[in-house]
Amino acid sequence: SQLKRLKTKFVDKDGKMIQMTLDKFVDALSSNQPPAETQEQRDQLRSELETLFKKIDASCTETVDWEGFTEYMLLHMPGLNSVGDSANEPSNSPQMAEALVNAPWGSGHLDMISDVTVIYDLGGGGSGGSGGGGSGGGGGSGNGGGGRRYVTAGRDGFVKIWHPNLAIHRAVDVGQHKGRWLTACCWMTRSRLLAVASTNFRVYFFDSSFSATPVAYIDHKEGTPSCLGYRECTEAEGEKEILMVGDQNGYVTVYFLDDAWWLQKEETKETAQGKGDNEPNSVCFKDKKKPIRTKYHDGWVTKVGFVDDLQAMVTSGLDGEINLCNVHLNERKPNQPAIRLHKKYGVHTWCWCKLYKCFASGGLDRQIIIWNPYTQMAMNYLQGHSAPILDVQVNEAQHQLVSMSVDKVVKVWDLQHYRCIQTFTDKTEYKPEDRLTCMALDKELPGLLLCSSTLNVLPMSVKVETNRSHTAPIIGALYNDVFHQIVSGDSRGTVRVWDIRSGFMEFEFRRAHGEHKMTCMSFDVSKRRLFTGAGDGEVRMWNWSSGQHLRTYSMKQPSEIAGLLWAQTALTSPEGPNTFVVALAWDRRIYVWPGTAKSTSGTAIEPKYVLEDTRGTGHTDDISCICNVSSVGGLLATGGDDGSVVLWKIQDTSMALASPVASKLSHTGGLLPKIPHGGALPGSGAGTSGDSKGRRRPARMQHQHSILASSVGGPPSALDEAPSPSPLPSERGQGASKFARGSCVANA
């Protein structure tokens, strides 16, 4: 392959990996490209390869090895660029690709899943999950995200409780290996119990610990329970909660439950003989309101639930009818006959849209009908499925309806325009039956839970068209004249690279400082490396072309970084000029790290100097900004909230280099030229100031003090080669150089 042939270019005759110079790198990669026809094409190819070489060689060693080359190319592969939780997330696209997340192999059910529900309040006391696939079957969605769990009931007789990451929390054998199918489940928010319907004519109840033994059960001997619905009652009503049970004979039984109802034990032969003390309670309804049983359908009841907005119990069945009922009387509401919009075709599911005050129902006729509950007339028909529809869920936050059919096709519909906006087909082959059975909506993720014999989660990402370059406040934007690109960064740590010619984003990496806020950025002198500062006082160096983290600079007492720059002194060493990484912090100190120092794996570089004012002659308030005054002299200037500009000097000598202890600011006696009455330093342009309306106008700086210099370590020395006038006697002995407050006076 081309990659293998290219690797041979990085190997010498002895088989050892070599470092390639710019010319060798260009020749090696040019040999893998089709020959250019014109000189213009050859020049363009060389220019692109030279740019690639500079991006890889962020350390400015003027060489590139095979490891650095492959690492850079891998970081730019589209398959690697997905959103995750790592500290550094390179990406070519800000959009997150939707992907079906499957449960770990072997953690699913042995047979098909019959029902699924989401419990939002397992760890708190908020409102919780619901029955009937998580919608319409009872209480509202909760907001206690810390205890969120998924519950599935399967035909293998097991109830499985899942963490949101699809790890198994608990598995309960309700069927006791006796071939009992579980048909439905729902979470009862008031009593904090999980209700599970079984084909042995019982409804079991488990507490929030999901122990192996149920705390109670209800004998439902009139028929096999097929679906469950739940409603938490208000204080004005006599009962505390209501459980609705539909069966295969078309009946719906309503159970009225008060506080601690599961502790009331029914007398049986086993309990009368002193046996069964460890058995669950069979709930007795002799001394309280009796259950009401009513026939609504000629066939299976497919779904039952309660809609608060209508104060109605809603049922659907395989006879194609939908009923709106009074739950306390368990009968159809007056003047509310059965709704037969699906005609003779069975209705599998329905859901209520609170925002648009309408129902959506689907079944064997392969279409979704949107209908008005007050007029009982169809508002629209959504057609597109080629197989019977098993479930529908409403995502009101996005004005969407989600439908699922037997052939594993999921469609997303726009409720505002009644049109299909997305279709998803599950290509996974399931056993023992290759189909989907039910689904639920996790509103907190948000995500769609799809069930077969296992549980899958489909993340629901919303793509919002926006013209904003960042989704968080931008803390800096730098122009790179070497690569003709703009690098911008925001407070969340997202760094993006933009092509100045096209205006398109070429690359990005995220979470540059993890959970900490990014505060500032700066290039080094070569423009190949980027420095970023954060609120935890840490400075990181990056190869911004690839998102590779190169070094970390830290301080002993963390303080938020307010400014960053790259400095260089006139003194040189055998390795080259003495360079420094300089950071301004909110503790009114300037931290200086050696620019050539290299950190070992996982170790941060400590500052070499810490510049601070110990004599009270510098800033008297927070320092807000910093800049280089001289590109090679180590001269810095800072501006503060006190209205002053103070000059600092990095005087790097052999004595200072040998000292590992941080040096403090000390007076050296060096002088700067006085500021003339015109208001500018020699050789600089005139200043400007603003009026009360924000307009810029020429300004003068009225001389009040001459400027003295401060340095770190070493003997006193002048800061500039140019001759300076003699200082005033009253100004000798000052610690920091300073432009006094109020020295800028605007012209009339």
Side-chain angles (χ1 to χ4, degrees), residues 43-60 64 68-69 71-84 86-97 461-514 516-534 539-550 561 563-566 581 625 627:
D43 293 341
Q44 182 180 359
L45 176 61
R46 181 175 181 86
S47 175
E48 292 176 353
L49 293 177
E50 288 178 350
T51 301
L52 177 62
F53 180 89
K54 293 177 181 178
K55 289 183 176 181
I56 299 173
D57 181 31
S59 300
C60 302
V64 167
F69 171 75
E71 184 174 1
Y72 177 87
M73 300 306 294
L74 285 173
L75 286 172
H76 282 73
M77 288 180 63
L80 188 69
N81 303 326
S82 59
V83 175
S86 59
N88 175 26
E89 301 168 4
S91 175
N92 283 328
S93 173
Q95 305 292 349
M96 182 182 72
S461 63
V462 181
K463 298 180 180 179
V464 181
E465 295 294 334
T466 176
N467 293 325
R468 293 188 300 172
S469 302
H470 288 260
T471 58
I474 296 176
I475 53 91
L478 307 172
Y479 174 63
N480 191 298
D481 55 3
V482 176
F483 301 108
H484 303 289
Q485 292 173 323
I486 293 177
V487 180
S488 61
D490 60 38
S491 59
R492 291 181 184 174
T494 300
V495 177
R496 290 179 173 173
V497 182
W498 309 85
D499 187 345
I500 196 172
R501 301 179 183 89
S502 65
F504 291 109
M505 187 187 72
E506 291 194 343
F507 181 72
E508 74 169 359
F509 58 95
R510 305 177 186 175
R511 293 166 56 86
H513 289 268
H516 297 285
K517 178 180 68 174
M518 193 168 76
T519 56
C520 52
M521 305 188 310
S522 178
F523 283 132
D524 71 339
V525 67
S526 68
K527 301 292 184 72
R528 301 187 193 180
R529 290 174 288 186
L530 178 72
F531 295 90
T532 59
V539 176
R540 295 186 177 183
M541 183 172 71
W542 308 85
N543 180 350
W544 56 271
S545 297
S546 64
Q548 182 184 5
H549 179 204
L550 302 176
I561 304 295
L564 274 175
L565 56 85
W566 178 267
V581 180
C625 55
C627 71

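This is a predicted model, so every value here is computed, not measured.
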**Report entry** T519: side chain to side chain contact (heavy atoms under 4.5 Å, CB included) partners, not counting sequence neighbours
**Finding:**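 Side chain to side chain contact (heavy atoms under 4.5 Å, CB included) list for T519, sorted by chain: K517, E560, I561.
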Requested in this report: Please determine, by modelled atom types, if T494 and H470 share a side-chain donor-acceptor pair under 3.5 angstrom.
Outcome: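 Not at all, the side chains of T494 and H470 share no donor-acceptor pair under 3.5 Å.
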Requested in this report: Determine whether the side chains of S522 and W566 contain a donor N or O and an acceptor N or O closer than 3.5 Å.
Outcome: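 The criterion, which ignores hydrogens and geometry beyond distance, is not satisfied for W566 and S522.
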Query raised in the report: Side chains of L550 and N543: closer than 4.5 Å at any heavy-atom pair?
Result: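 Yes. Closest side-chain heavy atoms under 4.5 Å.
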Report task. Please round to the nearest 0.5 Å and tell me the distance separating atom CD1 of I474 and atom CE of M518. Result ->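 It is 10.0 Å, given to the nearest 0.5 Å.
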Requested in this report: To the nearest 0.5 angstrom, please state how far the CD atom of E506 sits from the CG atom of D499.
Outcome: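 Result: 4.5 Å between the selected atoms.
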Report task. Could you pull out all residues at least two apart from D43 that satisfy side-chain hydrogen bond (donor to acceptor under 3.5 Å, both in side chains)? Result ->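 side-chain hydrogen bond (donor to acceptor under 3.5 Å, both in side chains) list for D43, sorted by chain: Q39.
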Query - S545 vs F507, side-chain contact (heavy atoms from CB on, under 4.5 Å): CA-CA, chis, key distance, verdict - result: CA-CA 8 Å; S545 297; F507 181 72; over 6 Å; no
Polar side-chain atom of [X] near backbone of [Y] as donor-acceptor pair, under 3.5 Å:
X: R496; Y: S469; value: yes
X: D524; Y: R529; value: yes
X: R510; Y: V495; value: no

Minimal non-hydrogen separation, [X] against [Y], with atom names:
X: A534; Y: H513; answer: CB-ND1, 3.3 Å
X: Y479; Y: F523; answer: O-CE1, 3.9 Å
X: M541; Y: H549; answer: O-CD2, 3.5 Å

Query - From CA spacing to verdict: side-chain contact (heavy atoms from CB on, under 4.5 Å), R492, T471 - result: CA-CA 9 Å; R492 291 181 184 174; T471 58; 3.5 Å; yes
Requested in this report: Starting from the C-alpha separation in whole Å, work towards a yes-or-no answer on side-chain contact (heavy atoms from CB on, under 4.5 Å) for M521 and L530.
Outcome: CA-CA 7 Å; M521 305 188 310; L530 178 72; 4.1 Å; yes
**Report entry** F509 ring center near W542 ring center (under 6.0 Å)
**Finding:**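 Between F509 and W542, the centre distance is under 6.0 Å.
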Report task. Compute the centroid of each ring, for F531 and then for W544, and state whether the two points are separated by less than 6.0 Å. Result ->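 Ring centres of W544 and F531 not closer than 6.0 Å.
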Query - side-chain contact (heavy atoms from CB on, under 4.5 Å) between I500 and N480, worked out - result: CA-CA 10 Å; I500 196 172; N480 191 298; over 6 Å; no
Query - Pairs flagged by salt bridge (charged side-chain N to carboxylate O under 4.0 Å, His left out) wherever residues 479-491 is involved - sequence neighbours left out - result: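 Qualifying pairs: D481-K527.
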